[in-house]
Amino acid sequence: IDWERGGSKPWMGRTIPIDEYSMGYIGPSQRFLGARASAAARNIPVHAILRINVTHELATVPNLPLLPNLYAKWAGLQRESVAGIMGCWNFGCLATLNTHAFRWFQEEPVRWTNEKDFLKSVAKSYFGEVDISALTSAWNKFCAAFDLYPFCFGIIYYSPINYAPAYPLDLTYRAQPMGGSHIRHDWGDRLEDTLDGFLLDDIVRSFESMSALWSEGLMDYRLALAGGNCSAKHQKHREEELSCAEMIGCHLASITNIYRFHGWRCDAMKRLGLQAPCEIPPDEVSRQIMRDELQNTRAANELVRNDPRLGFHQEAQAFYFNADSIEAKQKNLERQLSAAIHRV
């Protein structure tokens, strides 16, 4: 039985459905509980289906380091007396902090009745001696960020979230449909396809808030995982997990700018009476978004060059971006900004 599907959660003053795997939603869903009760009445054992590393919320990084959420899920599995779990499918299958933490929990689940003790033990076993206060602060902020994820099929299945660091901000609007985010495809630009009943302004606000919270968490994460006396294995884990978290920050900054830019593009087309396909003249609003994204793209490029895990989607069996595609975006932004200056 799916642990999260058939659930719901509050989001920006409304209740939204959760009908896919989710790391931002803890569960169990109402549907799981109903099916679990029915199975228990017939003495049928129940296994839960969930994901431990990533979901379609963001699948081109090795893992989403949302350890407090994962602990709450696993404690719930114990509470519901599930017979077992299916924790991965055709993506999210790397060995990471999250898989280590799950093994740590399931080897002696009755021991871990306190989240603080569990997180401290996992941290020491995976990273060595670290600033546990800073580390747990980071994990809590990461969870708070993903609690704001605008969860809907449009975003998780069709948005550019999985390839956002390489997705272009282009002054030419082609009105090409978006493709499925879990399969290799040509990139569209008709982002209104992804809104799924949400307002564009709400999508922008939620991703802006997610990005800001994640950035706050990253400051704590960098502090906690800073260099020190530790084993080579622990140092490798620190470097890999910090790289992953930094890249998630780049994804969130990029997806925020992508939707901000699309909002500007739609407003400008309406104001100027333009119809797609068309080229939209830049203004200071668009230039500022492009400057922000150019800075973010440079950070993403450095991360990808140093970490070969980043950008690979295991379901599609393809790299959705690499250093070359990010650099191409970077050069395109520089070209458009330079052309805009010359127009002025």
Side-chain angles (χ1 to χ4, degrees), residues 1-11 15-59 61-119 121-122 125-126 139-140 142-149 151-153 155-157 181-182 313-315:
I1 305 173
D2 287 312
W3 181 255
E4 295 110 356
R5 283 183 185 268
S8 62
K9 63 179 285 186
W11 179 85
T15 299
I16 60 172
I18 305 295
D19 207 19
E20 244 288 5
Y21 307 118
S22 173
M23 299 276 280
Y25 168 71
I26 292 170
S29 69
Q30 297 93 323
R31 185 186 300 167
F32 177 92
L33 292 173
R36 172 76 181 86
S38 175
R42 292 173 288 154
N43 200 30
I44 297 175
V46 166
H47 289 65
I49 306 173
L50 70 163
R51 298 292 171 261
I52 290 172
N53 268 339
V54 298
T55 68
H56 289 304
E57 289 158 312
L58 178 53
V61 292
N63 65 289
L64 302 176
L66 308 179
L67 271 294
N69 280 10
L70 288 169
Y71 171 82
K73 287 175 184 286
W74 301 336
L77 294 171
Q78 285 296 113
R79 188 175 61 249
E80 293 300 321
S81 301
V82 299
I85 77 156
M86 177 178 173
C88 68
W89 183 230
N90 54 3
F91 62 103
C93 302
L94 296 179
T96 71
L97 166 66
N98 292 11
T99 56
H100 172 83
F102 178 69
R103 180 174 66 94
W104 205 251
F105 184 91
Q106 65 88 24
E107 283 183 349
E108 199 175 358
V110 294
R111 175 184 175 187
W112 303 117
T113 58
N114 180 279
E115 177 190 291
K116 183 178 178 181
D117 291 343
F118 175 71
L119 296 181
S121 181
V122 165
S125 66
Y126 200 70
W139 284 336
N140 281 318
F142 294 161
C143 288
F146 264 76
D147 188 48
L148 299 174
Y149 193 102
F151 199 96
C152 63
F153 287 150
I155 295 295
I156 63 174
Y157 288 162
S181 66
H182 57 294
H313 198 303
Q314 288 185 313
E315 181 165 358

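For reference, positions follow the sequence shown, starting with 1.
Nearest heavy atom pair, residue Leu77 against residue Ala48, reads CD2-CB, 3.6 Å. Counting all heavy atoms, side chain and backbone alike, Ile49 lies closest to Arg51 at CG2-NH1, 3.8 Å.
With respect to Phe118, the ring pair (Phe, Tyr, Trp, His ring centres under 6.0 Å) criterion is satisfied by exactly one of Phe105, Phe102, Trp104: Phe105.
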- Quick one: do Phe142 and Asn69 satisfy side-chain contact (heavy atoms from CB on, under 4.5 Å)? Show the steps, please. CA-CA 10 Å; Phe142 294 161; Asn69 280 10; over 6 Å; no
Could you go through Cys93 and Trp89, starting from their C-alpha distance and side-chain angles, then the distance that decides it, and tell me whether this counts as side-chain contact (heavy atoms from CB on, under 4.5 Å)? CA-CA 7 Å; Cys93 302; Trp89 183 230; over 6 Å; no
* Decide yes or no on side-chain contact (heavy atoms from CB on, under 4.5 Å) for Asn53 and Met23, but give the supporting numbers first. => CA-CA 9 Å; Asn53 268 339; Met23 299 276 280; over 6 Å; no
With side-chain contact (heavy atoms from CB on, under 4.5 Å) as the criterion, how do Arg5 and Phe32 come out once you've worked through the C-alpha distance, each side chain's angles and the decisive distance to 0.1 Å? CA-CA 8 Å; Arg5 283 183 185 268; Phe32 177 92; over 6 Å; no
- Report the C-alpha distance between Thr55 and Glu20 in whole Å, list the side-chain angles of each, state the deciding distance to 0.1 Å, and finish with yes or no for side-chain hydrogen bond (donor to acceptor under 3.5 Å, both in side chains). CA-CA 9 Å; Thr55 68; Glu20 244 288 5; over 6 Å; no
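Trp11 CH2 to Asp147 CG: the interatomic distance, rounded to the nearest 0.5 Å, is 11.5 Å. For the atom pair Ser29 OG and Ile18 CD1, the distance stands at 10.0 Å (nearest 0.5 Å). Summarising the geometry, atom CG belonging to Leu67 is positioned 7.5 Å from atom SG belonging to Cys143; distances are rounded to the nearest 0.5 Å. Expressed to the nearest 0.5 Å, how far CG of Leu33 lies from CD1 of Ile1 amounts to 9.5 Å. With rounding to the nearest 0.5 Å, the separation of CD1 in Ile16 from OG in Ser8 is 9.0 Å. Atom-to-atom distance recorded for Ile52:CD1 and Asn98:CG is 8.0 Å, nearest 0.5 angstrom.
Salt-bridge check for Asp117 with Arg111: failed, with every basic side-chain N at 4.0 Å or more from each acidic carboxylate O. Salt bridge present: Lys73 and Glu4 bring a charged side-chain N and a carboxylate O closer than 4.0 Å.
Remark: the backbone N or O of Gly92 is not paired with any side-chain donor or acceptor of Asn63 at under 3.5 angstrom. Under a 3.5 Å cut-off, the side chain of Tyr126 and the backbone N or O of Ala101 do not form any donor-acceptor pair.
In this structure, the side chains of Leu50 and Met86 stay at 4.5 Å or more apart for every pair of heavy atoms. Using a 4.5 Å heavy-atom cutoff, the side chains of Ile155 and Tyr149 are in contact. Contact check for Tyr21 versus Val54: no side-chain heavy atoms found under the 4.5 Å cut-off. Using a 4.5 Å cut-off on side-chain heavy atoms (C-beta onward), Pro65 and Trp139 make contact. Between Phe146 and Tyr25, every side-chain heavy-atom pair lies at or beyond the 4.5 Å cut-off. Contact check for Pro68 versus Leu119: side-chain heavy atoms found under the 4.5 Å cut-off. Between Thr96 and Thr99, the closest side-chain pair of non-hydrogen atoms falls below 4.5 Å. Using a 4.5 Å heavy-atom threshold, the side chains of Pro17 and Lys9 count as separate.
Side-chain contact check for Ser22 and Glu57: at least one donor-acceptor pair (N or O, by modelled atom type) lies under 3.5 Å. A donor-acceptor contact under 3.5 angstrom links the side chains of Ser125 and His100, judged on distance only. Side-chain atoms of Ser38 and Arg42 form a donor-acceptor pair, as typed in the model, at a separation below 3.5 Å.
Taking the six-membered ring for Trp and the full ring otherwise, His182 and His313 have centroids separated by 6.0 Å or more.
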